[in-house]
Amino acid sequence: MNRTLPRRLGGLAGLVSGTFAVAVGVLVAALFERPSPIDAVGSSFIDRTPTWLREWAIDTFGTSDKAVLRGGIYVVLALASCGLGALSTTRLSRFVLGAAIFAVLGSAALAERPGHGFTSHLAPWVGIVGGIGAFTVVTERWRELWWDRRTPHESRAPLGWDRRRFFRTTATIGAAAAVTGVVGRAVSTRRRDDYAAAVPDALPAVDDPGTPLVDESFHPTQPFVTPVGDFYCIDTALSIPYTNVDKWSLSIGGLVDRPLVLTYDDLRQRPQVERMITIACVSNEVGGRYVGNAVWQGVLLADLLDDVGVRPEAEQLFSRSIDGWTSGFPIEVARDGRDAMIAIGMNGESLPFEHGFPARLIVPGLYGYVSATKWLSSIELTTWADDVGYWVPLGWSRLAPIKTQSRIDVPRSGERVKAGRHRLAGVAWATHTGIERVEVRIDEGDWQEAELSRDVSDDTWRQWILDWDATPGEHRVTVRATDRSGYVQTSEQRAPAPDGATGWHSRSFKVED
Ligand SMILES: Nc1nc2c(c(=O)[nH]1)N[C@H]1C(S)=C(S)[C@@H](COP(=O)(O)O)O[C@H]1N2
Ligand SMILES: [Mo]
C-alpha cells in the first residue's frame, strides 16, 4: 500500500513550491541583470496579442493593462502549479516534467528578448530546480505527518495529523519564498538606484535654447509645461529596461557612409538644443489625456545625419529600443528643418527611466508610435521595404502626422456649475503646423473665438480660455481648432485606428441657479 498524500495537499504543496520557484527565478534574473522570466513571458504574450484583444485591453484597463497582464500570469501560474502538485502526489516525475515545461516556455520567451544570452536562461531553470526541491521536501514532510509513523495498519486512515508541524513546514517554505522575493526586489531597486546615481547630476549646458518663458497661470487648472509625473506614459514594455549608462551606446548605421557609435558622454558633448515640443499618442481619443508638452534637451538628428552621410537610396529612419521595440519615419522629416532630436533631458532633468532613459527620439509633428522611440539603442537608415515598425503590421498607418486637435479641460464633464461668469479652458495642438485659432460654441450657438496662450512655436500646444456667462440649465460646450495651414478641425468622429482620432470635443454639464 503506498502512502500517498491527499490530492488537496498535493495541490497546496504545488502552490507553495511554485511560489518559491518564481521567487528564486526573479532573484536570479535580478542578480544577472536579466529580464524576469515572468516579464519575458508577458512580453511574448503582448507581441502575439491580436489587435482586437489589444484594443479591448487598452479600452478596458487603460494604462493598467500591464498590471492586469502580470496579475493574469501569476494567476495562471498559481493554478497550474496547484494542478501539477495535485497530479504529482504519486509520482514526483510528473512534477519534474511539468516544471520542465514551464522552464522551457520561460526560456523560449527569454530567447525572444533582445540581447539575451546564457545567463538569461539561468532564472527559469534555477527557479524550477528550486521549485522541485521545495516540492520534494514539502511533500516528504507532509506525507510523514499525514501517515503518522504510529499508524498501526498502513491501509487505514492516518491517526495523528499534527497541524502545528504541518503549518510550520508550510510557513518555512512560504517564508523562504517571501525572503527570496524581497531580496530579488531589493537587488533590482538597488541596481536602479546605482544606475540613476551614475548619471551626472546636471544636464550639459544648452547651446541653443529655443524655449521662451511661458505664463504658467494662463490656464486655470493645467500647467503649460506638463510635469514629468503627469506626463502620459505609453509603451509595450512590461518592465522598464533600466540601463547602465556606462555600458550603453547608440549605433547609427545602415545606408550611411560613416556609421557611428555614440556613448552617453558623446551625446552630452555634442551641441545641445532645448525645445518645447508637444507629443501625442495616436491612441488618444478626442478629449483624451495621451498628449503632453515638455521641454526636451538633446542633439539634433539633422546634424548627426550629416556626420554619418546618408546614402541617397535611404528612405526611412528606423530606430530600435533596448527592449526590441521599433519605429520608422521618412528621413526627410529629420532634415526638413524641424527640431527632430535625440533627447537626453526632459523638463531640465535627465530623461526619467519611464520616458526613455538614457536617450529617446522626439520628432515634432509625428505620433509617438512612428517616431518617439524610448530607451534608444540603434538608428538605421533603411528603405521602406527593409524594415517595418512595431505597430504597422498591427493595423496602424505607416505615415502618421499628428492630427489637429483641441480639448476642453474646464469645467469637467458632469461638473455642477453655478450660474454666472465662468472661465472655460482647454488646450489645442497642431504640432509642426501651429495653432491659428480656437473657437468655442455653447449649445448650438455661434462659434466664439477663445483667447490663446503665448505662441511658443508651431511644435507646441496652445492653451485657450473663454469667459462665459452661464445661464441655468443643461449646457453643452464644444471646441474646435484651426491650424496655420488654414485647416479647420473636422467634426467627423473617427476612432484612433489607423492614424489618429478626429472629431470635436464637447462636454455637457448642468448650470444651477
Ligand atoms: N521603446 C519604446 N518606445 C516607445 C514606445 C514603446 O512602446 N516602446 N511607445 C511609443 C508611443 S506609442 C508613444 S505615444 C510615446 C509615448 O512616450 P511617453 O511614454 O514618454 O509619453 O513613446 C513611444 N516610444
Ligand atoms: Mo502612442
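Taking the six-membered ring for Trp, W468 and H475 have ring centres closer than 6.0 Å. Taking the centre of each ring, H355 and F231 come in below the 6.0 Å mark. Two rings, from F353 and Y242, have their centers less than 6.0 Å apart.
A donor-acceptor pair is defined here as one N or O able to donate and one able to accept, closer than 3.5 Å; such a pair exists between the side chain of Q489 and the backbone of G503. At least one donor-acceptor pair closer than 3.5 Å links the side chain of T51 to the backbone N or O of L394. Without hydrogens or angle criteria, W504 side chain to A481 main chain gives no donor-acceptor distance under 3.5 Å. Formation of a donor-acceptor pair under 3.5 Å by the N347 side chain with backbone atoms of T226 is found in this model. Proximity of a side-chain donor or acceptor of D459 to a complementary backbone N or O of M276 within less than 3.5 Å is not detected. No donor-acceptor distance shorter than 3.5 angstrom exists from the side chain of H432 to the backbone of G365, with no hydrogens or angles considered. T278 contributes a side-chain N or O that, together with a main-chain N or O of W461, makes up a donor-acceptor pair within less than 3.5 Å. Counting only distance, with no hydrogens or angles, the side chain of S36 and the backbone of I38 share a donor-acceptor pair below 3.5 Å. Side-chain atoms of Q316 do not come within 3.5 Å of backbone N or O of I331 as any donor-acceptor pair. Of the possible polar contacts, one joining the K66 side chain to the A237 backbone as a donor-acceptor pair under 3.5 Å is found.
A heavy-atom distance below 4.5 Å is not found between the side chains of N293 and I277. The shortest side-chain heavy-atom distance between D39 and I73 does not fall under the 4.5 Å cut-off. The side-chain heavy atoms of R480 and W447, taken from C-beta on, include a pair separated by under 4.5 Å.
D339 and R275 get closest at one heavy-atom pair: OD2-NE, 2.8 Å. Taking all atoms of both residues into account, the shortest heavy-atom contact from P271 to V299 is O-CG1, 3.6 Å.
The line from CD of E274 to CG of D207 is 11.0 Å long, rounded to the nearest 0.5 Å. We find the CG-NZ distance between D323 and K374 to be 9.5 Å, quoted to the nearest 0.5 Å. Once rounded to the nearest 0.5 Å, the distance linking CZ of R320 with OG1 of T373 reads 10.0 Å.
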* Intermediate values then yes/no, ring-ring contact (aromatic ring centres under 6.0 Å, His included), F61 and W56 -> CA-CA 8 Å; F61 306 116; W56 175 83; 5.5 Å; yes

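Among the candidates I379, D257, V256, the single residue satisfying the side chain to side chain contact (heavy atoms under 4.5 Å, CB included) test with V308 is V256.
Electrostatic pairing of R190 and D194 counts as a salt bridge here, judged by a charged N lying under 4.0 Å from a carboxylate O. Taking a cutoff of 4.0 Å between a charged side-chain nitrogen and a carboxylate oxygen, D303 and R270 do not qualify as a salt bridge. Checked for salt-bridge contact, R484 and D455 meet the test: a charged N lies under 4.0 Å from a carboxylate O. Taking 4.0 Å as the cut-off between side-chain N and carboxylate O, K403 and D499 count as a salt-bridged pair. A salt bridge between D306 and R258 is absent, with no side-chain N of the basic residue lying under 4.0 Å from a carboxylate O of the acidic one. In this structure, D47 pairs ionically with R113, as a charged nitrogen and a carboxylate oxygen lie closer than 4.0 Å.
No donor-acceptor contact under 3.5 angstrom links the side chains of T263 and D265, judged on distance only. Under the 3.5 Å distance criterion, with hydrogens and angles disregarded, no donor-acceptor pair is assigned to the side chains of T433 and D483. D386 and T383 form a side-chain donor-acceptor contact under 3.5 Å, judged by distance and modelled atom types alone. If you check the side chains of E436 and T482, you find no donor sitting under 3.5 Å from an acceptor. With 3.5 Å as the limit, one finds a donor-acceptor pair spanning the side chains of S327 and S319. R407 and Q222 share a side-chain donor-acceptor pair at under 3.5 Å. There is a side-chain donor-acceptor pair under 3.5 Å between S506 and R476. No hydrogens or angles considered: a donor-acceptor pair under 3.5 Å links the side chains of T119 and R34. Checking E112 against S43 by side-chain atom types alone, no donor-acceptor pair falls below 3.5 Å. Y232 and R289 form no side-chain donor-acceptor contact under 3.5 Å, judged by distance and modelled atom types alone. For the 3.5 Å distance criterion, the side chains of D409 and T221 fail to qualify, holding no donor opposite an acceptor.
Heavy atoms from other residues, nucleotides or ligands lying under 6.0 Å from CG of D215 number more than 12. In the displayed structure, E349 atom CD is contacted under 6.0 Å by at most 12 heavy atoms of other residues, nucleotides or ligands. The neighbour count for D469 CG, taken as heavy atoms of other residues, nucleotides or ligands under 6.0 Å away, is above 12. Within a 6.0 Å sphere centred on CZ of R311, heavy atoms belonging to other residues, nucleotides or ligands number more than 12.
With a 6.0 Å cutoff to the six-membered ring centre and a 45° limit on the axis angle, R360 does not count as a cation-pi contact of W375.
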